[in-house]
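What follows is one structure encoded as structure tokens, with my remarks underneath.
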There are 2 protein chains.
Amino acid sequence: MKIGEAAAASGVSERMIRHYEKIGLIAAAARRSSGYRDYDARDVETLRFIRRSRDLGFPIEEIGQLLSLWHDRGRASADVKALALSRAAELQRKAAELEQMRRALLDLAERCHGDDRPDCPILCGLEGLA
Amino acid sequence: MKIGEAAAASGVSERMIRHYEKIGLIAAAARRSSGYRDYDARDVETLRFIRRSRDLGFPIEEIGQLLSLWHDRGRASADVKALALSRAAELQRKAAELEQMRRALLDLAERCHGDDRPDCPILCGLEGLA
DNA sequence: TATGGTGCTTGACACCATGTCAAGGTCAAT
DNA sequence: ATTGACCTTGACATGGTGTCAAGCACCATA
């Protein structure tokens, strides 16, 4: 299977497949005599695993750890759970941060009459004179 | 005022001050005969404005628009409010996305016993066999 | 078989915001 | 005058992805 087909089958772009190979997240693909990369079903499975992990917000480094655990038949599920819970906590932290920014913005916007007049509490707030 | 003092006074790092100058977000600073950049209170105010905008999640491009509006004494507050509300909506969208990822992760983690045994619903979920 | 179109290769540049490091010049205080 | 802190520019890195370019491989059809 050539890289284009592997990309279509896994949902990971050709660009990112080459990238993951370069940074060592996945092993270098087999090559045909022409130099084309050659993929099999197992490779596609791995790529799909990576894509799902990314979709769940795991950074590359942690995806590497997940892949190790995945390939390790004797791993303890506790190790995986710990990674997942720590990721979930991080996501919550980030979401809370965004929410806090949003609330601050809405507070400013609420005090802004939002018409043709030039005075604007939002800009004053950004100046630091809120 | 030299760049280090301006950085300390505004909360924007020296690195980013130079960066903002290079990308044209702020005007090129005055220079002493030595070549050192020279800042006054007004410059620091601008930097602080930028920092607060960044803290509220505005991307650089929108900060440029905010700066224009800020400097424009005749601006309509409605224009500022529109920017702020659109930013708030974007923040909410992003937060919701993170929250959705988190929930998916927690769903998987909940089904994982998290002990020494190797079978793990989280990894199965990442494989796509959830 | 020749040709064309599509797919593959590598490499480079871009984004956005920020950090760090290096080599060299300047300032201020001792 | 020396020293140590500060400034200058430039380059490289991060993370995840896009795009573009030049050149080669593959396949089907004329």
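In what follows, every heavy atom counts, from backbone to side chain, and hydrogens, waters and symmetry copies are set aside. A, B, ... follow the sequence lines: proteins, then strands. Residue 1 opens every chain.
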Sequence neighbours left out, cut at 3.5 Å: what donor-acceptor pairs do the side chains of residues 94-101 of chain B make with other protein atoms?
| unit_1 | atom_1 | unit_2 | atom_2 | d |
| --- | --- | --- | --- | --- |
| B:Glu99 | OE1 | B:Arg102 | NH1 | 3.3 |
| B:Glu99 | OE2 | B:Arg102 | NH1 | 2.6 |

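- Remark: P of C:dA12 and NE2 of A:His19 are 16 Å apart, rounded to the nearest angstrom.
- Taking the nucleotide of DNA chain C with the nearest heavy atom to each of B:Ser33 and B:Arg54, the more 5' of the two is matched to B:Arg54.
- The distance from atom CD1 of A:Ile63 to atom C1' of D:dG15 is 11 Å, rounded to the nearest whole Å.
- A:Ile23 has its CD1 atom 9 Å from the P atom of D:dT14, to the nearest Å.
- The side chain of A:Ser34 places no N or O atom within less than 4.0 Å of a non-bridging phosphate oxygen (OP1 or OP2) of C:dC8.
- Sequence neighbours left out, the pairs with a member in residues 114-123 of chain A that pass salt bridge (Lys or Arg N to Asp or Glu O under 4.0 Å) are A:Asp115-A:Arg117.
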Sequence neighbours left out, cut at 3.5 Å: what donor-acceptor pairs do the side chains of residues 60-67 of chain B make with other protein atoms?
| unit_1 | atom_1 | unit_2 | atom_2 | d |
| --- | --- | --- | --- | --- |
| B:Glu62 | OE1 | B:Arg87 | NE | 3.3 |
| B:Glu62 | OE2 | B:Arg87 | NH2 | 2.8 |

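- The ring-ring contact (aromatic ring centres under 6.0 Å, His included) pairs that include a residue from residues 66-101 of chain B are B:Phe49-B:Trp70, where partners are two or more places apart or lie in different chains.
- As a whole-Å value, the separation of B:Ile17 CD1 from C:dG19 P is 12 Å.
- Comparing A:Tyr20 and A:Arg32 by the nucleotide of DNA chain D that holds the closest heavy atom to each, the one mapping nearer the 5' end is A:Tyr20.
- Residue A:Asp55 contributes atom CG, which lies 12 Å from atom P of D:dG16 at whole-angstrom precision.
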Practice problem: Assign a letter to each nucleotide of nucleotides 3-10 of chain D from its 5' end: B, base within under 4.0 Å of a protein heavy atom; S, sugar-phosphate only; -, no contact. | Solution: ---BSBB-
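- Following rounding to the nearest Å, A:Leu25 (CG) and D:dT14 (C1') show an atom-to-atom distance of 16 Å.
- The shortest heavy-atom contact between B:Leu91 and B:Leu56 is CD1-O, 3.7 Å.
- Residue A:Leu85 belongs to a hydrophobic cluster whose other members are B:Leu106, with links defined by side-chain heavy atoms closer than 4.5 Å.
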